[in-house]
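Please read the structure below before turning to the comments.
Below, all heavy atoms of this structure are taken into account, side chains as well, without hydrogens, waters or symmetry copies. In the text below, chain A, chain B and the rest are named by the order of the sequence lines, each starting its count at 1.
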Amino acid sequence: MIKIIKVTGESLSPFFLSGDYVIVGKFPLKLGGINVGDIIVFPHPKFGLLIKKVQSVNIKTHHFFVEGSHPNSLTSDQIGPINLSTIFGKVLFHIKKPSRLS
Amino acid sequence: MFYKLIQSVDNYFSIPEAKAHCDIPCGIYDPAPAQIDALTVVRMMDLMIALDQGEDKEKLEYHNSLSRYITIKEEHAEKAKHEIRVIWGDYIKDPHVEKHPELPGLVHKIMQLGSKCRQTSDREQGLKFVEAINQFAEIFWDTKNVKTKKAKAPYAPGLEMVYPDL
């Protein structure tokens, strides 16, 4: 039900950076607890396992539309609608890579 | 501490990766080109001053060299402004500005100094241009949690520059 996932890539920068870890839970999905702004992890047939921010939700079709926070992120149109049943989980906890500044 | 613990687990068991994927290879931002452009501006000003102190100002060669120096100065001042605008527009986000509230003012200052360097041959303006872009570089690397160091550029005009301490 709960898994640890490593973030790669920069499309959710500066909030999630490459090398960060996230703890992802599937149980919020059953509770209907995914809202706009949540970060979710899901498999994509073309791009593999992705982590993105929920941009909008179609309640009737149970489809989610996602985006990154970076201007060069894949767009919602490129990714397409995400079916609730395919979502791997919602990010519950964020473990940031420690700052290299000291 | 917690991060290191998870990292150790990752090293042994390979934690699955989720891609925060981009449609182009993004994340490649670096203030170094702007810093080199600003240095070039000062270098051209130095060459213009040296030329002006020489003789044979009526010769065709003088005018040819002067016009070349001015052209390069113009181009690189504008290129530096462009490089800073790209980082400012595409990379810098609200949290960066919240952490470095001086950033918007600094970017505006760089734009104005760049224009000043094009309008005049005033070396003082060139030095301020380099200094402002170095400040920008310092902030940029801080947003990446990368330490910086200061060292003199290994070429003329040999000004002190900010480099990432990798």
Side-chain angles (χ1 to χ4, degrees), chain A residues 2-24 39-53 66-80 82 86-91 93-102, chain B residues 1-31 83-101 103 137-150 162-166:
Chain A
I2 288 180
K3 292 202 171 182
I4 302 175
I5 301 285
K6 188 177 187 177
V7 179
T8 63
E10 300 285 345
S11 84
L12 286 172
S13 72
F15 308 104
F16 292 77
L17 299 178
S18 202
D20 287 356
Y21 292 98
V22 289
I23 294 177
V24 174
I39 307 295
I40 59 171
V41 175
F42 55 95
H44 191 279
K46 186 176 172 188
F47 303 112
L49 197 62
L50 293 182
I51 179 167
K52 292 283 173 186
K53 187 168 74 175
V66 295
E67 63 182 356
S69 56
H70 193 281
N72 291 334
S73 170
L74 289 168
T75 63
S76 182
D77 288 342
Q78 286 171 307
I79 297 171
I82 310 299
T86 65
I87 296 175
F88 202 68
K90 169 181 165 177
V91 171
F93 197 63
H94 180 195
I95 303 137
K96 292 183 180 180
K97 195 175 179 178
S99 166
R100 288 178 60 196
L101 285 178
S102 57
Chain B
M1 179 72 181
F2 191 43
Y3 182 91
K4 283 192 173 176
L5 184 72
I6 292 185
Q7 199 175 32
S8 304
V9 173
D10 190 13
N11 290 339
Y12 279 102
F13 299 105
S14 273
I15 289 174
E17 293 180 349
K19 288 174 273 187
H21 198 76
C22 291
D23 62 344
I24 58 169
C26 67
I28 303 173
Y29 297 105
D30 197 320
E83 294 285 343
I84 297 297
R85 278 199 299 269
V86 169
I87 297 175
W88 172 246
D90 292 356
Y91 171 75
I92 298 293
K93 304 283 191 317
D94 287 347
H96 298 142
V97 179
E98 282 163 21
K99 191 178 176 191
H100 299 281
L103 203 44
E138 220 161 11
I139 292 171
F140 172 84
W141 290 117
D142 181 69
T143 67
K144 297 251 178 203
N145 294 328
V146 173
K147 280 198 288 186
T148 52
K149 62 182 178 186
K150 287 183 177 174
V162 169
Y163 297 102
D165 191 7
L166 301 172

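- Listed by first then second residue, pairs satisfying salt bridge (charged side-chain N to carboxylate O under 4.0 Å, His left out) with a partner in residues 87-98 of chain B number zero, not counting sequence neighbours.
- Between K150(B) and E138(B) the shortest heavy-atom distance is CE-OE2, 3.9 Å.
- In this structure, no portion of K3(A) lies under 4.5 Å from any heavy atom of chain B.
- No donor-acceptor pair under 3.5 Å is formed between the side chain of D165(B) and the backbone N or O of K149(B).
- Of the two parts of F15(A), only the side chain, counted from C-beta on, holds a non-hydrogen atom closer than 4.5 Å to a non-hydrogen atom of chain B.
- P16(B) touches chain A through backbone and side chain together, each having a heavy atom under 4.5 Å away.
- Looking at residues two or more places apart in sequence or on another chain, you find a side chain to side chain donor-acceptor pair (under 3.5 Å) between H100(B) and D142(B).
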